[in-house]
Amino acid sequence: MSVTGVQGEERNDFTKQESRQIRARSLRLLGSLLHPMRGKVTLAMLVVVVSTAAQVAGPALIAFGIDNGLPALMKQNWIPLAATGGIYLVTGVIGALLIAWYTVMSARISQAILIDLRKRIFLHTQKLSLEFHESYTSGRIISRQTSDLDAIRELLDSGINQLLQGVLYMVFTAIALFSLDGLSGLVLFASLIPLAILTRWFQVRSQTLFRTSRVASARLIVHFVETMTGIRAVKAFRKEKRNEKEFGSLVEDYRDVNGRVIQLFGIFDPGLVLIGNVTVAIVLLVGGFRVVEGHLAIGALLAALLYTRRFFDPMEEMAMFYNSYQSAAAALEKISGVLEERPGVSDPVKPVDLWKATGAVRFDDVQFAYTADRVILPHFTLDLPAGQTIALVGSTGAGKSTLAKLISRFYDPTQGSVQLDGVDLRDLHPKDLRRAIVMVTQEAYLFSGSVAENIAIGKPEATRDEIRRAATAVGAHDFIEGLPNGYDTDVNKRGGRVSAGQRQLISFARAFLADPAVLILDEATSSLDIPSERLVQEALQTLLADRTAVIIAHRLSTVAIADRVLVMEQGTIIEDGTPDELISGSGRFAQLHAAWRDSLV
Ligand SMILES: Nc1ncnc2c1ncn2[C@@H]1O[C@H](COP(=O)(O)OP(=O)(O)OP(=O)(O)O)[C@@H](O)[C@H]1O
């Protein structure tokens, strides 16, 4: 995993080199997003240049009309004034048309960029291995698709327009003022000193404040997402009041920081107005004397005043741009971090095809660690012959799920290899791997859609008959028929809700239909009531037949259907034998079994 990617985004203490890397990564992403529309972007920029120039021409034309058109009109010559008015009108219309075109075009460009980015985030995060998803919380990944994209949208939709138009407007206005009246230009130039001081002051303070505001808002969202995803635990442990307090305090933080942002603008905005007014007053004073002395025409003074006044107009919008720029830059950094994340498990360059696996699994001197500082499996060698049903037991944290994840190739071993029919999983064609090895997790996740669609996930081309047969085999058919729309019932709609046991049966039917050579089952624990447990136990017998099966057994009753029991502790197998052998022995499993039997009486 990259230093600055997944783990890095919550850090704020980057070295210079890391900051450079992050900036380069963001720019690469921006470049790749803009590249396909470079033609349109260039054209849009040219249009902004022309339309801004058209707007800036206004006061100069007014000056010309007053200083040349009016005297000519007094001499019965109306042509200069009419021509000036005509040109004013035409530039106004052209400017308006260009702005209309630009508005539509820039919105289209921004839409295309955002859709491209949205797709990239989705496709890439879906492709990333479990290693990434286990370290990246859902709240954070949701933010990438929501608030981060919103920040970029805001920048593209209004921020860049404001900046580009604002900068051009100020530059063109200053040039026009200098060419119209050099002295007024110099006054404006002098006003840049207090303006620079005020802007710098605003920039320094706003940088921290805007960032704090973003963090406060992100904390609110993360708290909300975590509360909602863990709503069952919240209710079970009566955490509502505590959560309400925590959320309330986060809202307070958010309000405080935004209060400080408002105060900042409360100084910056009037500061701008003051500098603008003082500059206009000086231009008026200096210009007025020169008009009286005959060194400056009255129209030119009027235009100089208009230019001076308008020069300050884009400043406030540009200050807002700074905020959206910061948010978008931070969002771009986080998104580029995710997009440059490489899957921990990569597809083989020359994949080996294995059309019909028998299901023999071998751990060949496997060493595995999630993080460099802690080895989970030290030296692990194990053979699981094809067709055997293996129950894996052991205390919590022993490494049972880790073993399952390695067989499913959610992770690769740090050393050694996991093999299917003698082929290293790393060399196996991903399609063959997914067909041959299926894992049924405890949560028995159902996707939105019908029951039939949920069963057919492992074999999308399955006919309705095949789906029905699979459901019947695992004893799910009867309850499915009893649902409001049978197999077409939407599992996420009211009325289509299924119990935990039924959900598990649907996931068994799914696995049965997929018909893998190796089935891994992380057995559900306490969520099932007694009748559901019996149903699931019966279904298991059918599901496990004729394939290699590894059950992470939480219920010792399940062990009875296994050919072999493996007892695991701290990443090693400490007992290995048939259930009867181990029960009649004096080892760890015999003790566990005796305690369980006693608890039943
Ligand atoms: N994604 C992960 N990152 C870092 N460490 C992990 C990760 N998943 C598991 N571990 C650690 O690996 C060890 C083995 O975990 P594993 O989930 O395989 O145990 P288990 O035997 O399945 O436990 P349980 O019966 O509680 O599910 C534990 O110490 C756990 O903290």
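The chain is numbered in sequence order, starting from 1. What you see below is based on every heavy atom in this structure, not just the backbone, and it leaves out hydrogens, waters and symmetry mates. First listed ligand is number 1; within each ligand, the first listed atom is number 1. In this text the structure is predicted, and so the values were computed from the model without any measurement.
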- Check: D373/T371 side-chain N/O donor and acceptor closer than 3.5 Å: yes
- Message: Side chains of D421 and T358: any donor to acceptor distance under 3.5 Å?
- Response: yes
- Item | Residue A398 vicinity, atoms of ligand 1 by number, heavy atom under 4.0 Å | 19 (O), 20 (P), 21 (O)
- Among the heavy atoms of G394, does any lie under 4.0 Å from an atom of ligand 1? no
- At what distance is the nearest protein heavy atom to atom 25 (O) of ligand 1, and which residue and atom is it? K400 NZ, 2.8 Å
List the atom pairs, with distances to 0.1 Å, where a side-chain N or O of residues 229-236 and a protein N or O form a donor-acceptor pair under 3.5 Å, not counting sequence neighbours.
from : atom 1 : to   : atom 2 : distance (Å)
T229 : OG1    : V225 : O      : 2.7
T229 : OG1    : E226 : O      : 3.3

- Closest non-hydrogen protein atom to atom 26 (O) of ligand 1, residue and atom name please, with distance? T396 OG1, 2.5 Å
- Sub-4.0 Å heavy-atom contact, I376 with ligand 1: yes
- Item | Distance from atom 29 (O) of ligand 1 to nearest protein heavy atom, with residue and atom | R374 NH2, 2.5 Å
- Y411 to ligand 1, any heavy atom closer than 4.0 Å: yes
- Task: Using a strict 4.0 Å threshold on nitrogen-to-oxygen distance, state whether E466 and R469 make a salt bridge.
- Result: no
- Counting only heavy atoms not in R342, do more than 12 sit closer than 6.0 Å to its CZ atom? yes
- Task: Measure the distance from atom 16 (P) of ligand 1 to every protein heavy atom, then report the residue, atom name and distance (to 0.1 Å) of the closest one.
- Result: T402 OG1, 3.5 Å
- Message: Looking only at protein heavy atoms, which one is nearest to atom 1 (N) of ligand 1, and what is the separation?
- Response: E134 OE1, 2.7 Å
- Message: One thing to verify: whether D515 and R547 come together as a salt bridge, which I'm taking to mean a side-chain N less than 4.0 angstrom from a carboxylate O.
- Response: yes
Below 3.5 Å, can you tabulate the donor-acceptor pairs from side chains in residues 471-486 to any protein atom, sequence neighbours excluded?
from : atom 1 : to   : atom 2 : distance (Å)
T472 : OG1    : R468 : O      : 2.6
H477 : ND1    : Y487 : OH     : 2.7

- Query: What protein heavy atom is closest to atom 6 (C) of ligand 1, reported as residue, atom name and distance in Å?
  - Reply: Y370 CD1, 3.2 Å
- Message: Side chains of Y370 and T402 only: does a donor on one sit below 3.5 Å from an acceptor on the other?
- Response: yes
- Item | Nearest neighbour in protein (non-hydrogen) for atom 14 (C) of ligand 1 | G397 O, 3.4 Å
- Item | Nearest non-hydrogen protein atom, atom 27 (O) of ligand 1 | S401 OG, 3.7 Å
